[in-house]
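Just below is one structure, and these are the notes that go with it.
Remember, it's 1-based here, ligands and their atoms both numbered in the order they're listed. Residues: numbered from 1 along the sequence shown.
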Amino acid sequence: MTVSMLDGYSGLRGKRALITGGTSGIGLGVATRLKTLGADVVINSHESPAQVAAVLEQVNTLEGPEMVFAPADMSDHSSFDDLLGAIGAVDILVNNVGIQHVQAIADFPDEKWQQILNINLSSAFYLTKRVLPAMQSRNWGRIINVASAHGLVASPFKSAYVAAKHGILGLTKATALEHAEHGITCNAICPGYVWTPLVEQQLADQCKVHGMSEQDVIQNIMLQPQPTKKFVQIEEVAELAGFLCGDLARSITGTSLSIDGGWTAG
Ligand code: NAD
């Protein structure tokens with residue numbers, strides 16, 4: 001092995017990355033890792049610039065090009081042309097945005113189903129479609145879809161989320177096959193439970209539908225299916241995403257990579 005063989009892993013200089021839902025949790029972790037690998041990173045959310053100013057200020061104390069913010073609501077694709085026009089050609093797209101709603105199917109609000117499909121699944125299609133032409137013209141691109149263990153297996157009370165995450169694995173495969181000859185890879189990362197605001201915010205609803213205390217939900221619902229009995233750390237997901245962006249991952253495409261403490265092995 002030569003040093004130049006390893007350069008592909010650390011060199012994202014000159015690559016522009018867009019991370020949807022990048023101001024918190026896993027998205028911010030991935031954004032931070034890509035920045036330290038040298039990428040020009042744009043993080044998106046539906047928040048205002050003032051709301052994310054402190055996050056940006058903190059992350060920009062780290063090494064790497066300055067990270068910037070591009071607001072857009074991922075439930076409404078009518079703004080995506082303007083969003084991408086303002087950003088410029090994207091080399092790395094991380095479709096990370098995701099929301100959750102925990103309720104039995106019989107009571108699940110129709111508008112919540114639609115909102116989750118729009119944000120967790122359709123935004124990935126609409127953005128992928130728009131960034132691909134420029135990737136094709138440069139013969140290089142990386143698309144990472146942050147799916148979930150719930151892209152591979154279901155849990156009760158999460159119908160829309162599970163459906164969207166299973167769907168994004170299909171989109172991942174189709175995208176990979178259509179662009180395999182153009183130096184563009186598309187893969188899905190399937191984390192188990194990672195302690196982020198998304199998980200914290202669903203605790204109350206999980207307690208309600210399961211009739212359990214918070215501690216019981218954490219032990220018996222969240223960590224029970226993960227044989228490690230530990231939450232996955234944001235940094236672990238971020239490192240995997242960084243690897244997938246490198247040239248040494250050029251032959252990994254159309255697949256889903258589980259990072260779930262063994263959950264889906266059983
Ligand atoms: P999070 O709640 O910490 O972050 C979600 C991000 O999305 C935030 O930046 C938020 O501002 C943004 N966002 C929410 N609604 C938006 C909208 N309409 N338009 C634009 N941005 C919006 O969540 P997280 O836990 O970091 O989850 C990130 C991804 O990882 C999601 O796709 C989630 O399904 C997936 N995931 C999370 C876990 C977990 O245990 N946390 C496990 C598996 C998969």
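Inspection of the T172 and N145 side chains reveals an N or O donor paired with an N or O acceptor under 3.5 Å.
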Please determine whether ring pair (Phe, Tyr, Trp, His ring centres under 6.0 Å) holds for the pair F108 and H101, giving the CA-CA distance in whole Å, both sets of side-chain angles, and the decisive distance to 0.1 Å.
CA-CA 9 Å; F108 210 93; H101 184 76; 5.1 Å; yes
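Applying the salt bridge (charged side-chain N to carboxylate O under 4.0 Å, His left out) test to D81 and every residue at least two apart in sequence or in another chain returns R130. Under the rule for a side chain to side chain donor-acceptor pair (under 3.5 Å), the partners of S155 that lie at least two apart in sequence or sit in another chain are H150.
Using a heavy-atom distance under 4.0 Å as the criterion, the protein contacts of ligand 1 are G21, G22, T23, S24, G25, I26, N44, S45, H46, E47, A72, D73, M74, N96, V97, G98, I99, I119, V146, A147, S148, Y161, K165, P191, G192, Y193, V194, T196, P197, L198, V199.
When hydrophobic residues (I, L, V, M, F, W, Y) are linked wherever their side-chain heavy atoms come within less than 4.5 Å, the members clustered with V102 are F157, V209.
In this structure, T196 and E200 have side chains that are not in contact, with every pair of non-hydrogen atoms separated by 4.5 Å or more.
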